[in-house]
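Just so you know, ligand 1 is whichever comes first in the structure, and atom 1 is the first atom listed for that ligand.
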Amino acid sequence: MTDDLLTFLDGIPTAMHTAHELERRFAKYGFLRLGENDRWQLEPGGRYLVGRGASLIAWVAGTAPTAEGGARIAVAHVDCPGLRLKHRAARQDGGYVVAPVEVYGSPIIATWVDRDLTIAGTLIVGNRTQAPFASDYSIVPFSLVGARGVIPNLAVHLNRKMNESLSYNEHEHLNVLLDLASGEADNHTDERDHAHGNGSNHSPAAILTTLAAASAGVEPEQVLDAEFFLCDGGGVTIAGLSGQLFTAAAIDNRAGCLTVQEALCSSEPAVTSVAVFYDHEEIGSRSATGADSTLLQDWLQRVVALEYGDSDREAYYRAVSRSTVVSNDAAHAVHPSYRDRHDRAFAPVLGGGPVLKIDANQRYAGAPQLTARMRVLSQQCGVPLQELVSRADMRPGSTVGPLTAAQTGMATVDVGMPILAMHSIRETAARSDVQQLQQLLSAYYSS
Ligand code: ZN
């Protein structure tokens, strides 16, 4: 499990890369990919997977229909906060090639500065002679090898107050230095002109597209559109004197994704068991693929319709009522230098086991029967369960748990792995917590 996690965290942390890696792992366990636009045929005990954008649902069909057995669901999110490159605005400017960024979610921006940044993202690949509808295009992830950009800090000599309050204006101060300017400035930014040989193939945007196409193994002429993110390219590092810690990008929530995937693949469930991986958690989940969408409802309605026929509408409501959701997202471990940010009675530590996240205001989902079930399961499988309740004068961040509960009406609970420096470009966690979280989720699927 730990080696598996290390390989997983060594990859590039964009949502689409994470989704592709999960899909590859599910395929190894015999999960069959279905399209939302296909006609489905499901068999009891069958293993299936369906995607929408970078979101995925994988499930093992139970031997009992869902209206009788319900669905046992665990959810995690594939996206992470970061910086998206405005690649069409890349330009030669005063001796440099630079590009502005958009901030995605709420990263700790200072950690993206003075960092070797690699560039990764997705290409929309298709035929230029026709408008891309339905299956006329594909989405291909790419990543450029090595450090391709840096956002340099201002020298301390030019801002003597830097260490008193470090702040950045996202529009003014986060331009990425991509290269030195070469020769005549050519800032024409439409990569399609480049593909059509219109003489702008030296524009920074065209160069970015050409590099991305080469790394994805497609021709630049096939690229209809592209999305570029700046990522930490440092992979995963085992840390601490005894090697019990690790640091990596997007442990929140790639560790959550991997523990859900491993738990589902390693269990032999009797009832329908489901792993859901949502995109867009970090920006509020409101999209066609986020937790505030119809994704999970659509899936359950479809499964129930296949089991009972379209006319038995009541079967859907019985299935909802018997289903449960465990939302698995990172939890704040107590910080050694900022212990006062936690209620001392609820201060999870790294290496102390998975965390049950509790909030009276439902920033974390907490269906009482499911909270009780997690406590019982942790005792049964011998995994310690830490608890997190925020200080009364602080509001915790939220998760996909409350949104999934609100969208589906299913009993939902929030758990997660304790980490430090949530939303930093590199986060810190303990190796044993990964293993114990996976054990707890396996017990949930098998219970
Ligand atoms: Zn998260």
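- Checking side-chain atoms of Ser321 against main-chain N and O of Tyr317 turns up no donor-acceptor pair under 3.5 Å.
- Looking only at distances, no side-chain donor or acceptor of Thr294 sits under 3.5 Å from a matching main-chain atom of Gln297.
- Minimum-distance N/O/S atom of Asp329 relative to the Zn ion (ligand 1): OD1.
- Residue Glu281: no N/O/S atom is found under 2.8 Å from the Zn ion (ligand 1).
- Here the Zn ion (ligand 1) is the vertex; the OD1 atom in Asp252 and the NE2 atom in His77 give an angle of 100° (to 10°).
- Electrostatic pairing of Glu21 and Arg24 counts as a salt bridge here, judged by a charged N lying under 4.0 Å from a carboxylate O.
- With a 6.0 Å radius and a threshold of 12 heavy atoms from other residues, nucleotides or ligands, Arg395 has its CZ atom at or below the threshold.
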